[in-house]
Amino acid sequence: MIYSLDKINEMADGDNDFIVSVVTVFLEEVPQDLAALEAAIERQDFEQIRKMAHKIKPNVDLLGMEPTRANALDLETLGKNQGSIEEIKTKFPLLKQDVEQVVVELKTDFSI
């Protein structure tokens with residue numbers, strides 16, 4: 001398991017519906033954002049790379065995915081600074097793998 005519900009549980013204060021809501025939003029939004037990020041990388045659209053990585057970052061942070069959050073931050077910074085597209089293309093598959101894995105885990109763990 002690469003995610004943790006600690007932050008969400010702290011925010012939820014025992015409200016299971018809140019936890020399910022956060023997980024559902026993650027499952028709806030983050031895969032779409034990831035696809036948009038991948039498309040932006042293919043186009044070498046640095047501004048869109050920055051925006052999509054920035055949008056993904058708090059979602060993975062909320063699930064306690066610190067290495068994934070750090071990777072998203074790196075991608076955001078590279079997009080902002082119009083950094084090396086090769087470096088972006090090296091970092092992105094790690095982010096994609098983590099997100100895809102957590103999507104499978106969340107769907108299984110929450111029977112969604």
Side-chain angles (χ1 to χ4, degrees):
M1 179 181 299
I2 63 169
Y3 74 90
S4 163
L5 295 178
D6 292 349
K7 288 183 182 183
I8 298 172
N9 283 329
E10 191 175 308
M11 291 168 55
D13 197 31
D15 183 350
N16 197 50
D17 289 342
F18 175 79
I19 295 168
V20 172
S21 172
V22 170
V23 168
T24 302
V25 169
F26 182 95
L27 292 172
E28 289 172 357
E29 290 184 4
V30 176
Q32 292 176 3
D33 295 341
L34 190 68
L37 176 57
E38 189 167 25
I41 291 168
E42 288 303 312
R43 292 190 315 271
Q44 297 188 19
D45 181 342
F46 289 101
E47 178 59 17
Q48 193 65 15
I49 291 168
R50 181 195 66 77
K51 283 181 182 177
M52 298 304 359
H54 177 77
K55 190 172 178 195
I56 291 169
K57 191 176 59 187
N59 289 302
V60 295
D61 182 53
L62 197 56
L63 288 175
M65 301 169 61
E66 179 51 35
T68 310
R69 187 205 66 79
N71 192 5
L73 176 61
D74 289 347
L75 288 166
E76 178 185 3
T77 302
L78 286 163
K80 180 180 178 182
N81 298 331
Q82 296 193 8
S84 162
I85 198 68
E86 288 76 25
E87 188 175 355
I88 290 170
K89 286 182 177 181
T90 299
K91 289 181 176 289
F92 175 74
L94 303 172
L95 178 71
K96 183 176 181 178
Q97 178 183 340
D98 285 353
V99 168
E100 288 176 346
Q101 181 179 340
V102 83
V103 163
V104 169
E105 289 179 8
L106 288 170
K107 285 181 177 179
T108 299
D109 295 348
F110 285 85
S111 302
I112 296 175

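Reckoned from all heavy atoms, side chains included, excluding hydrogens, waters and symmetry mates. All values derive from a computational prediction rather than experimental measurement. Just so you know, residue 1 is the first one in the sequence shown, and it goes up from there.
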> Would you say that more than 12 heavy atoms from the other residues, nucleotides or ligands in this model lie under 6.0 Å from the CG of Asn81, or not?
yes

> When hydrophobic residues are tied together by side-chain contacts of less than 4.5 Å, even through go-betweens, does Met65 share a cluster with Leu94?
no

> If you measure from the Lys or Arg side-chain nitrogens to the Asp or Glu carboxylate oxygens, is any gap between Glu47 and Arg50 under 4.0 Å?
yes

> Quick one: do Arg69 and Glu66 make a salt bridge, cutoff under 4.0 Å?
yes

> From Lys96 NZ over to Ile56 CD1, what is the distance, rounded to the nearest 0.5 angstrom?
11.5 Å

> Keeping the roles fixed (side chain from Gln48, backbone from Ala36), state whether a donor-acceptor pair exists under 3.5 Å.
no

> Can you confirm whether Tyr3 sits close enough to Asp98 that some side-chain heavy atom of one is under 4.5 Å from a side-chain heavy atom of the other?
no

> Taking Asn9 for the side chain and Leu5 for the main chain, is one N or O donor matched with an acceptor at less than 3.5 Å?
yes

> Can you check whether His54 reaches Lys51 side chain to side chain, under 4.5 Å on heavy atoms?
no

> Taking atom NZ of Lys107 as the centre, does the number of heavy atoms from other residues, nucleotides or ligands within less than 6.0 Å exceed 12?
no

> Spell out, yes or no, whether Leu73 and Val60 are grouped together once hydrophobic residues are joined by side-chain heavy atoms under 4.5 Å, including indirect joins.
no

> Flag the pair Leu106 / Leu63 as yes when at least one side-chain heavy-atom distance between them is below 4.5 Å, and no otherwise.
yes

> Quick check for you: to the nearest 0.5 Å, what is the distance between Met52 atom CE and Gln32 atom CD?
9.5 Å

> I need the single residue from Ile49, Ile88, Val99 that forms a side chain to side chain contact (heavy atoms under 4.5 Å, CB included) with Leu37. Which is it?
Ile49

> Please report the shortest heavy-atom distance between Ile2 and Glu105, naming the atom on each side.
N-OE1, 3.2 Å

> Step by step, work out the side-chain contact (heavy atoms from CB on, under 4.5 Å) result for Lys7 and Asp61.
CA-CA 9 Å; Lys7 288 183 182 183; Asp61 182 53; 2.8 Å; yes

> Please name the pair of heavy atoms, one in Ala72 and one in Ala53, separated by the smallest distance, quoted to 0.1 Å.
O-CB, 3.5 Å

> Show the atom names and distances, to 0.1 Å, of all donor-acceptor pairs under 3.5 Å that link a side chain in residues 14-30 to residues at least two apart or in another chain.
unit_1 : atom_1 : unit_2 : atom_2 : d
Asp15  : OD1    : Asp17  : N      : 3.1
Asp15  : OD1    : Phe18  : N      : 3.2
Thr24  : OG1    : Val20  : O      : 2.7

> At what distance, to the nearest 0.5 angstrom, does OG1 of Thr77 lie from CD of Glu87?
10.0 Å

> Nearest 0.5 Å, what's the CD-CG distance between Glu100 and Leu95?
9.5 Å

